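Atom set for the values below is all heavy atoms of this structure, side chains included, hydrogens, waters and symmetry mates excluded. Keep in mind it's a predicted model, so treat the numbers as computed, not measured. Numbers restart at 1 for each chain; the letters A, B, ... are given by sequence-line order, proteins then strands.
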Amino acid sequence: MKRTHHCNELRPEHAGQSVTLSGWVHSRRDLGGVLFIDVRDREGRTQTVFDPSDLSAELFEAATHLHSESVVEISGKVRLRPGETENAKIATGMVEVMVQSMTVLNAADVLPFPVDDPEIAAKVNEELRLQYRYLDLRRPELMRNIRLRSRIATAARVHMEAQGFLEIETPTLFKSTPEGAREFLVPSRVHPGEFYALPQSPQQYKQILMASGVEKYFQLARCYRDEDLRADRQPEFTQVDIEASFFEREDIYALIEGLLKRIWKVALDQEIQTPFKRISFEEAMNRFGIDKPDARFGMEIVDMTDDFKESQFKVFSGVVGKGGVVKALNAKGLACVTQGQMETMTNFAISHGAKGLAYIKVENGEWKSPIVKFFSEAEKEALKSKLAIEEGDLILFAADQWLTACEILGRIRLYAADVLKQQGKLVIDPSVFEFLWVIEFPLLAFDKEMNRWYSSHHPFTAPVAEDVDFLVSDPKRVRGQHYDIVVNGVELGGGSIRIHQPDVQRAVFKDVLQLDDETIKSRFGYMLEAFRYGCPPHGGIALGFDRLIALLCGTESIRDVIAFPKTAKGTDLMAQSPAPVEARQLRDLHIQTRVPQKKESAPVEKEA
RNA sequence: GGGGGCGUAGCUCAAUCGGUUAGAGCGCUGCCCUGUCACGGCAGAGGUUGCGGGUUCGAGUCCCGUCGCUCCCGCCA
């Protein structure tokens, strides 16, 4: 390699040295007689000076016509910049390189979009940026994210290694499992008509590793789910996957708190406070209306059930009579809500099955509301004191079954906070991270359409010991040994202590989830078998690595922390995948495709 | 599967109620310029308004369809 220094290295003490820089033409300033080219590499940039009196006409001419992002190797002498021409904006701004020779390693065409101006580049259509991802990645903002990702991966490995964990790779070609996310399938050539599935997570393999006596396993595991995407979801993503034997919940909490403490230190040089607060699922729903609370601001949900159980307002008292609840939320300072915003919030309520959204606007000392006339003095007083109502507030109500009422106000709380943020009435310090353990989830949830219970986490989650007896008799009462780690309203990860007794696991599959014997045997037989031959109690957790990095980079979309992300429809705009394959490949795989004909857009018949 | 937003020059955007030859900045090309660093100056090129159809004397603008990107709901054990 001819390069002697990188582009963020030269300082006044290098003056007089002959150096060679390699990098990209970041910018060119041609003053006619003298030409400046800033050479940029991963580390930074350095100004080089082309003086025609020192250089051949050919070289000077070539430099004059270089496009941005051409790759060059430049040799020359470092010197202090002449008086008054230092540039304080860049780290190498005290010096410059007087060019003696230049090799153009790759002459770039005119670019499809600018990469040198951060403000413009950040606004360029993402479609174009994904098509030319290699250009997008050259932008310092994106490169910084990718470098941080690498440093955090290393920090995680160092931490886990120090805690005695072994990094073990598990197969990417797995088998289909009946529960959970839709899977990507891979046809087998050797076994006609049979398929592998890409793992949604290495869950079953890591439990088998516990049966194998590994005791402590971790992996930066690639996972695949064929579900519709969001800003924080990709079809392929990475988890910090962890499993340990003889661990109880407290051991997991301590391990993860230590890991995150180290990561925050490495990434942001920030000391986070441990242990993290813990909140039960029930309390999270009661206070925040969601199982991943954003606890950085107040506006908590308040229970008004007792205050309205005898109310003249039948909409409330009727619900309470049927075992429901009355909940309220004070959107502080949002009495100025627009009709459109009110409609959005009402639609949240309606989409959860409510009839509408009751509210009180507090304006000019008055309670403006279609329902307040039905309230007694005592009821108004209860609202006033429990919700700390003041001028300018907006009070929103949900009267429904417990979970529904909580969820409605949970959605509205987050929406109201967004509106207040936009108005500048709610300010959240971006450097604050509110970590929470959410615990004591119900083990099971009921699927009304399918008329059966399903695992709210996954079917390997162990019930809380004292609830085991109710597994069949009263499933909804059973709590799982499940925990989620949540920060600022983002679910960073989750896990559980697992079932390690074959009889309990079989009972969950068969008696609770109502899987038939054949399915249990074919899908989980090897696990049940492994549990019979000396399987230690164990548990684990998986952290969403992409979300973690996005959080530390301060970006909304995980596409900004993944080198080659896919679009919302799961395509790669650069490589143009997915794509059709040769008929021969399909034949080898014993596959025939049946794609419905795309309907032609029929022209509308013109009337005579 | 459902709903919202977007699509005009290479890029970012404008174009009044449907009305003249679709404009601007940046970039690009050429010329000028010896201390710039968002260099500056002069001139110029560059458009299937995503695509297809319809309404209309006339469509970037209105309607229908379609494609792509994006956000949300469902979904994601």
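Remark on RNA chain B: of its neighbouring residues A:Arg81 and A:Val34, the 5'-side contact belongs to A:Val34, judged by nearest-heavy-atom nucleotide. Sequence order on RNA chain B of the closest nucleotides to A:Lys566 and A:Asp51 puts A:Asp51 first from the 5' end.
Checking B:C37, B:C76, B:G35 against the side-chain heavy atoms of A:Asp38 singles out B:C37 as nearest. Of the candidates B:G35, B:C71, B:G30, B:G35 carries the atom nearest the A:Phe36 side chain, counting heavy atoms from C-beta on. Closest contact between the side chain of A:Arg225 and the listed nucleotides B:C76, B:C37, B:C69 involves B:C76. Considering only the side chain of A:Thr85, B:G35 comes nearest among B:C69, B:C73, B:G35. When distances run from any side-chain atom of A:Thr567 to the nucleotides B:C28, B:U36, B:U70, the shortest one goes to B:U70. Distances were taken from every side-chain heavy atom of A:Arg230 (C-beta onward) to each of B:C76, B:C73, B:C71; the shortest belongs to B:C73. Each of B:C75, B:G35, B:C71 was ranked by its minimum atom distance to the side chain of A:Pro82; first place goes to B:G35.
Residue A:Phe509 is tested with A:Phe531, A:Tyr454, A:Phe524 for a ring pair (Phe, Tyr, Trp, His ring centres under 6.0 Å); the sole match is A:Phe524. When the options A:Thr92, A:Asp116, A:Asn8, A:Asp38 are evaluated for a side-chain hydrogen bond (donor to acceptor under 3.5 Å, both in side chains) with A:Arg45, the one that passes is A:Asp38. Residue A:Glu183 is tested with A:Lys175, A:Arg225, A:Gln200 for a side-chain hydrogen bond (donor to acceptor under 3.5 Å, both in side chains); the sole match is A:Gln200.
Between B:A38 and A:His26, no contact under 4.0 Å exists linking OP1 or OP2 to a side-chain N or O. Residue A:Lys569 places no side-chain N or O under 4.0 Å from the OP1 or OP2 atom of B:C67.
When the C1' atom is used for both B:A24 and B:G46, the distance is 14 Å, rounded to whole Å. Here the separation of B:C11 from B:G47, taken at their P atoms, is 13 Å to the nearest Å. Across the C1' atoms, B:G52 and B:G68 are found 15 Å apart, a figure rounded to whole Å. On the P atoms, B:G5 is 12 Å away from B:C63, given to the nearest whole Å. The P atoms of B:U61 and B:C73 are separated by 33 Å, rounded to the nearest whole Å. B:G30 and B:A14 are spaced 28 Å apart, taking the C1' atom of each and rounding to whole Å. For the C1' atoms, the distance from B:U49 to B:A15 is 11 Å, rounded to whole Å. A distance of about 27 Å separates the P atoms of B:G53 and B:U12, rounded to the whole Å.
Heavy atoms of A:Ile90 sit nowhere under 4.0 angstrom from any nucleic acid atom. Counting non-hydrogen atoms under 4.0 angstrom, A:Arg129 reaches nothing in the nucleic acid. Contacts of A:Thr571 with the nucleic acid, taken as non-hydrogen atoms under 4.0 Å apart, involve only primed sugar atoms and P, OP1 or OP2. A:Gln131 comes within 4.0 angstrom of no nucleic acid atom, judged by non-hydrogen atoms across all strands. Within 4.0 Å (heavy atoms only), A:Arg79 reaches at least one base atom of the nucleic acid. Among the atoms of the strands shown, only primed sugar atoms or phosphate atoms (P, OP1, OP2) are found under 4.0 Å from some heavy atom of A:Ser456. Residue A:Glu126 is in sugar-phosphate contact alone, with no base atom involved, counting any heavy-atom pair closer than 4.0 Å across all strands shown. If you check every strand for non-hydrogen atoms under 4.0 Å, A:Glu86 touches a base.
Rounded to an integer number of Å, the gap from A:Glu127 CD to B:U70 P is 8 Å. Distance A:Glu84 CD to B:C37 C1': 15 Å, rounded to the nearest Å. Remark: P of B:C71 and CG of A:Asp228 are 12 Å apart, rounded to the nearest angstrom. Rounded to whole Å, atom P of B:U70 lies 9 Å from atom CD of A:Gln234. Distance CG (A:Leu229) to C1' (B:C71): 12 Å, rounded to an integer number of Å. Atom P of nucleotide B:G1 and atom CD of A:Glu227 are separated by 13 Å, given to the nearest angstrom. When rounded to the nearest whole Å, the span between CG of A:Asp484 and C1' of B:C76 equals 14 Å. The CG-C1' distance, from A:Leu80 to B:G35, rounds to 15 Å in whole Å.
Base-pair partner of B:G58: not found among the strands shown (Watson-Crick or G-U wobble, both distances under 3.5 Å). In this structure, B:U29 and B:A43 make a Watson-Crick or G-U wobble pair, each of the two defining distances being under 3.5 angstrom. In this entry B:U34 has no Watson-Crick or G-U wobble partner, no candidate having both defining distances under 3.5 Å. Across the strands present, B:G7 finds its partner in B:C67; the criterion is a Watson-Crick or G-U wobble pair with both atom distances under 3.5 angstrom.
Classification of A:Lys206 and A:Asp241 as a salt-bridged pair holds, one side-chain N sitting under 4.0 Å from a carboxylate O.
In summary, the side chains of A:Tyr205 and A:Gln203 do not present any donor paired with an acceptor at a separation below 3.5 Å, with no hydrogens or angles considered. Judged purely by distance below 3.5 Å, without hydrogens or angles, the side chains of A:Glu440 and A:Tyr483 never pair a donor atom with an acceptor atom. Of the N and O atoms on the side chains of A:Thr238 and A:Arg222, at least one donor lies less than 3.5 Å from an acceptor on the other residue. A side-chain donor from one of A:Gln47 and A:Arg29 sits under 3.5 Å from a side-chain acceptor of the other. Side-chain atoms of A:Arg498 and A:His458 include a donor-acceptor pair closer than 3.5 Å.
The aromatic rings of A:Phe348 and A:Tyr415 sit perpendicular, their planes meeting at an angle over 60°, well past the 30° parallel limit. Aromatic ring pairs are classed by plane angle as parallel below 30°, tilted from 30° to 60° and perpendicular above 60°; the pair A:Tyr134 and A:Tyr132 is perpendicular.
With A:Phe470 as the aromatic partner, A:Arg477 meets the cation-pi criteria of under 6.0 angstrom to the ring centre and within 45 degrees of the ring axis.
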Kindly give the atom pairs (protein nitrogen or oxygen, nucleotide nitrogen or oxygen) under 3.5 Å for nucleotides 39-47 of chain B.
from: B:C39; atom 1: N4; to: A:Asp30; atom 2: O; distance (Å): 2.3

For nucleotides 10-15 of chain B, print each protein N/O atom paired with a nucleotide N/O atom at under 3.5 Å, atom names and distance only.
from: B:G10; atom 1: O2'; to: A:Pro112; atom 2: O; distance (Å): 2.6
from: B:U12; atom 1: OP1; to: A:Asn125; atom 2: N; distance (Å): 2.7
from: B:U12; atom 1: O2'; to: A:Lys123; atom 2: NZ; distance (Å): 3.4

What donor-acceptor contacts under 3.5 angstrom involve side-chain atoms of residues 570-577 of chain A, with partners at least two apart or in another chain?
from: A:Thr571; atom 1: OG1; to: A:Thr567; atom 2: OG1; distance (Å): 2.9
from: A:Asp572; atom 1: OD1; to: A:Met574; atom 2: N; distance (Å): 2.8
from: A:Asp572; atom 1: OD1; to: A:Ala575; atom 2: N; distance (Å): 3.0

